[in-house]
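First comes the structure, then the notes that go with it.
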Amino acid sequence: MNFEIKYKDARGRVGTLKTPHGIIKTPALMPVIHPGKQTLPVSDYGAEVVITNAYLIYKNEELREKALNDGVHELIDFTGPIVTDSGSFQLSEYGDVQVTNEEIVKFQEMIGTDIGTSLDIPTPPSVKRERAEKELIITLKRAKEALEVREELMLNSVVQGSTFPDLRSECAQKLGKMDFQVHPIGAVVPLMESYRYQELVEVVMASVSHLPDSRPRHLMGAGHPMIFALAVAMGCDLFDSAAYILYAEDDRLLMPNGTLKLENLYEMPCSCEVCTSYTPEELRQMEKEKRTELLAIHNLRMSFAEMRLIRQAIVDGSLWELVEQRCRAHPFLLEALRSLKNYSLDLEKYDPPYKKSAFFYTGPESLNRPEVYRHLKRMERISPSQKLILLPRSGKPYSERLYDLPQTFYKVVDNDSSAVAGTGSSRIPQEDMQVAVVDVPFGIIPLELDQVYPLAQNESPADYDEDSIKMVKNALRDYIKGFKEIIISAEVARKFALEQVLSLEDYSFQESLKIDVDDHKRIIMIADYQFGSGAGEGLFNEEVKIVKSRKTRKIRHVYDGDELIATLRASDGVFVLAKEGARRLHRYLPYPKNRVVVNEDAEPFAREGKSIFAKFVINCDIDIHAKEEVLIVNEQDQLLAFGKSILNGKEILNFNTGQAVKTRKGGL
Ligand code: GUN
Ligand code: ZN
């Protein structure tokens with residue numbers, strides 16, 4: 001395998017792809033090089049990999065001879081990795097090509113392509129199902145044939161299936177079982193040309209969710225920077241741009257927020273060498289050829305800058321914020337962004353639960369982010385109490401900022417307490433009370449969780465919008481079902497229009513309300529939230545010793561006597577296990593929960609505390625997220641070591657190269 005993931009955010013990956021002519025950083029943009037016509041030195045502007053068309057070379061006698069004699073790298077004068085397409089695009093444009101699948105695959109191998117492509121059938125969107133099915137059979141047959149005739153060549157295998165999500169999924173699944181190195185998603189150009197972005201989301205999500213996570217995906221023909229962030233967030237790793245030259249020929253400038261026409265420009269829009277050296281008027285007066293070249297340089301600069309920004313956003317954990325910004329550039333992109341809520345379950349599994357960046361609420365679409373979905377789900381892990389008190393938002397962390405407690409309260413009458421909220425059967429009502437803050441976008445936040453990521457590490461405007469109010473109102477109505485007595489501050493009731501859905505009567509506390517978060521309750525609740533219902537009891541019994549930071553007064557360590565159980569990480573407020581914590585969690589959580597199972601060969605390395613490579617993993621908990629605390633065990637479920645996952649459960653099982661777990665300690 002040639003692909004490795006280094007950083008993750010949303011469904012996006014920052015990784016490396018190894019090819020015979022070098023390693024490239026992904027997500028990557030591959031400028032399209034027209035063989036024989038290319039003049040622009042694209043590597044000067046940031047290209048690490050390019051794509052050209054093997055069919056155009058094959059068809060032209062002069063180009064073919066040169067490619068066969070000197071290789072494709074010499075032909076197009078590029079020393080890095082070269083991907084070639086097969087002529088399928090010409091097939092879709094002109095209905096016919098003069099080459100067979102076998103011939104074009106062999107030809108690509110002969111000219112020294114790094115990654116070649118079989119002759120798939122790009123079935124356009126919205127065709128009759130019968131046609132899509134028929135053409136898909138041919139695409140799959142040709143993919144298989146390509147595997148039989150290639151020798152060393154790395155191979156693309158294009159996912160087709162028109163706009164039928166189930167056909168896309170079926171195709172992806174079948175191709176994924178075969179030995180391909182990269183999976184393009186094909187026939188999406190017509191969707192992008194007509195701004196059908198919501199259907200693009202459907203096609204891409206149906207494909208990526210059934211492709212192996214261990215191979216890069218190439219969104220074929222996507223060259224406009226305004227689509228890059230969204231596509232990367234859905235799990236696309238490679239893009240090709242003919243747009244940089246096509247738009248330049250048409251006097252148009254690519255921007256991450258859309259396209260600008262040179263004829264309309266009063267100012268040049270960016271700080272690239274073209275935009276800072278020429279005025280719009282100078283460019284307009286220039287002869288066509290020179291102007292096209294300069295605009296192509298701007299277009300390349302802009303496109304590579306966007307790709308760098310996206311990679312950095314993944315490293316920072318701020319890709320969603322970038323996607324939300326970009327998708328506001330066009331109403332149909334916004335529509336596409338909104339449609340991602342249909343994929344919450346899938347996106348939640350890939351999105352890392354802990355990030356370096358705070359969660360920024362940038363509009364109602366932020367309510368659909370995996371972090372919100374995950375919090376609502378994880379709240380089912382928290383045992384309800386006898387009594388619930390709901391307070392309005394304050395500064396964060398809430399428990400330290402509630403100095404201006406509200407004065408007026410309501411009590412909920414006729415709450416349906418027979419229906420216990422959530423599905424977790426282990427929810428046992430406790431005798432005490434739970435105090436929670438109600439806020440956007442996360443809804444209900446018990447004070448014990450007020451330092452856990454992202455409940456403390458988020459910002460949202462104080463004037464709630466209608467969508468947020470509706471979402472929180474619904475979440476609240478579900479949540480309170482498990483409680484016997486519910487007291488709501490009048491401010492919360494007013495802000496979230498609760499009198500519409502609850503019967504409320506005036507309430508006053510006997511004595512003034514004092515908020516005091518119990519340390520032991522706090523560590524139990526954080527552990528339940530982090531590891532699952534009951535994990536708090538499994539990790540921390542009554543006798544544990546809690547050590548706080550002298551400076552911040554926040555909980556830092558939890559000990560059993562002199563033995564460290566776990567440390568509460570200051571940056572995101574969750575537990576990092578120590579040896580004793582790993583032992584206790586292992587005892588408490590049933591197999592295979594939070595486990596990564598390694599084979600015999602890896603056992604001694606794990607015991608020594610060496611990191612775990614994916615190829616040694618024989619099983620694991622499929623629900624593990626990236627960046628979670630995991631237990632490393634052998635096939636007999638003996639605890640060997642523990643550490644932090646780099647990938648999620650599905651990815652760990654799928655990968656054969658690279659690290660799966662960064663081990664903290666072995667020798668257990
Ligand atoms: N270029 C743009 N779309 C496609 C496609 O569907 N298949 C191939 N092979 N190339 C493309
Ligand atoms: Zn510019």
Side-chain angles (χ1 to χ4, degrees), residues 30 32 45-46 51-56 83-94 97 99 101 104-105 108 113 115-125 127 132 135-136 138-139 142-143 146 155-163 168 171-172 175 180 182-193 200 203-204 207 217-225 236 238-244 246-248 252-257 259-260 262 265 267-280 282-283 291 293-306:
M30 312 185 281
V32 174
Y45 304 108
I51 182 166
T52 189
N53 194 306
Y55 179 62
L56 296 182
V83 177
T84 46
D85 202 351
S86 55
S88 293
F89 191 69
Q90 284 67 25
L91 180 67
S92 70
E93 292 282 296
Y94 312 114
V97 281
V99 72
N101 179 51
I104 199 68
V105 172
Q108 292 173 80
T113 293
I115 302 172
T117 310
S118 53
L119 194 65
D120 56 293
I121 313 269
T123 312
V127 298
E135 294 183 349
L136 189 55
I138 303 172
T139 292
R142 291 182 180 177
L155 266 183
N156 270 325
S157 180
V158 188
V159 178
Q160 298 290 354
S162 183
T163 27
R168 291 280 182 174
C171 181
L175 294 174
F180 295 105
V182 180
H183 289 289
I185 298 169
V188 291
V189 171
L191 291 177
M192 292 185 289
E193 278 175 350
L200 180 72
V203 163
V204 171
S207 305
R217 299 101 180 211
H218 167 190
L219 193 62
M220 274 194 150
H224 198 303
C236 297
L238 299 168
F239 300 85
D240 63 279
S241 177
Y244 78 96
L246 297 177
Y247 279 64
R252 290 188 294 171
L253 288 83
L254 296 174
M255 298 296 289
N257 283 317
T259 309
L260 299 173
L262 180 62
L265 290 188
E267 297 283 359
M268 293 307 286
C270 89
S271 51
C272 79
E273 63 264 47
V274 177
C275 291
T276 50
S277 307
Y278 301 93
T279 65
E282 283 167 348
L283 284 167
R291 180 171 68 238
E293 185 184 318
L294 290 171
L295 293 182
I297 291 170
H298 160 89
N299 287 344
L300 280 176
R301 286 281 189 217
M302 211 20 116
S303 303
F304 285 120
E306 179 69 359

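Just follow the structure's listing: the first ligand is 1, and inside any ligand the first atom is 1. Starting from 1, each residue takes its place in the sequence as its number.
The main-chain N or O of Arg217 is never found under 3.5 Å from a side-chain atom of His183 such that the two would form a donor-acceptor pair. Side-chain atoms of Arg142 never come within 3.5 Å of backbone atoms of Ser118 as a donor-acceptor pair (strictly under, hydrogens ignored). At distances below 3.5 Å, not a single donor-acceptor pair connects side-chain atoms of Thr113 with backbone N or O atoms of Val83.
Of the angles at the Zn ion (ligand 2), the one spanning SG of Cys272 and SG of Cys275 is 110° when given to 10°.
Checked by distance only, ligand 1 and Ser118 stay at 3.5 Å or farther apart across all their nitrogen or oxygen atoms. Not a single N or O atom of Val189, backbone or side chain, sits closer than 3.5 Å to an N or O atom of ligand 1.
In terms of protein heavy atoms, atom 2 (C) of ligand 1 is closest to Phe89 CD1, 3.5 Å. Remark: minimum distance from atom 10 (N) of ligand 1 to any protein heavy atom is reached at Asp85 OD2, 2.6 Å. Protein heavy atom closest to atom 8 (C) of ligand 1, with residue, atom name and distance, is Met220 SD, 3.3 Å.
When only modelled atom types and interatomic distance are considered, Thr139 and Asp120 share no side-chain donor-acceptor pair under 3.5 Å.
Atom-to-atom distance recorded for Gln160:CD and Ser92:OG is 9.0 Å, nearest 0.5 angstrom.
Side-chain contact between Pro280 and Met268: present, with at least one pair of heavy atoms (C-beta onward) separated by less than 4.5 Å.
Residue Gly186 has at least one heavy-atom neighbour below 4.0 Å for each of these atoms of ligand 1: 5 (C), 6 (O). Interface of Ser88 with ligand 1, defined as ligand atoms under 4.0 Å from a residue heavy atom, comprises 7 (N), 8 (C), 9 (N). Every atom of ligand 1 is numbered from 1 in the order shown, and the set under 4.0 Å from a heavy atom of Ala187 is 3 (N), 5 (C), 6 (O). Within ligand 1, counting atoms from 1 as listed, the ones closer than 4.0 Å to a heavy atom of Asp120 are 5 (C), 6 (O), 7 (N), 8 (C), 9 (N).
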* In sequence, state the C-alpha distance, the side-chain angles, and the governing distance for His298 and Tyr247, and then conclude on side chain to side chain contact (heavy atoms under 4.5 Å, CB included). => CA-CA 11 Å; His298 160 89; Tyr247 279 64; over 6 Å; no
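Residue Ser88 comes nearest to Ser86 through the heavy atom pair OG-OG, 3.1 Å, listed as atom of the first residue, atom of the second, then distance.
Of all N/O/S atoms in His298, ND1 sits nearest the Zn ion (ligand 2).
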